[in-house]
Amino acid sequence: MVLFFKRILFPKAPRPINFMDPDTIHLIQGVDIHRLMSFPSGHTLTIFGLCVFVSLWTKNHWLTYLLLVIAFLVGVSRMYLIQHFPNDVAFGALFGTIIGAYSFKLAENWTKSNRNNLRIKLPNFSRN
């Protein structure tokens, strides 16, 4: 999904560094600042997807809060490192949340069907 947005829909979406004076900002040593393909934040999408999936799977409230804080900090770090705009991070979080919830629903349905000894029909990819 991220590659579809970054490489096909918005390949020339500028990153924040393009609008800043390099002499007035503090750059972090060892961090390569990218200039294009800003939308959405792939790191934020990934961490939110993972955190939402794990939170729904465990149903542990304390773990859910911890994962939410971790996901939020990853999003903030993407802006701190001048890699993304706030809207890139917000949409990454939204898409990640949707993907995590949908993946959980798929996994839940899969485990329910296996408990009932039902097989999920997958396409046959054999050459015969």
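Note that the structure is a prediction, hence the values are computed from the model and not measured.
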Are V89 and L94 connected in a single hydrophobic cluster, I mean Ile/Leu/Val/Met/Phe/Trp/Tyr linked by side-chain heavy atoms less than 4.5 Å apart? no
Look up atom CG in L63 and atom CD1 in I70, then write down how far apart they are to the nearest 0.5 Å. 8.0 Å
Going from SG on C51 to CZ on F72, what distance comes out if it is rounded to the nearest 0.5 angstrom? 13.5 Å
Quick one: pull up OG1 in T44 and CG in L73 and give me the separation to the nearest 0.5 Å. 11.0 Å
Measure the acute angle between the ring planes of F53 and W57, then classify it against the limits of 30° and 60° as parallel, tilted or perpendicular. parallel
Among H84, M79, R78, side chain to side chain contact (heavy atoms under 4.5 Å, CB included) partner for L81: R78
Distance, nearest 0.5 Å, that separates OH of Y65 from CG of L67: 12.5 Å
Minimum heavy-atom distance between F39 and A13, given as atom pair plus value: N-CB, 4.2 Å
Is there a path from F48 to V74 through hydrophobic residues (I, L, V, M, F, W, Y) whose side chains come within less than 4.5 Å of each other? yes
Counting only heavy atoms not in F104 (residues, nucleotides, ligands), do more than 12 fall under 6.0 Å from its CZ? yes
4.5 Å side-chain heavy-atom contact, T46 and L50: no
Going by side-chain contact (heavy atoms from CB on, under 4.5 Å), name the residues that satisfy it together with I99, two or more places apart in sequence or in a different chain. M1, L45, S103
Decide whether L66 and W62 are clustered together by the hydrophobic rule: side chain heavy atoms of Ile, Leu, Val, Met, Phe, Trp, Tyr closer than 4.5 Å, transitively. no
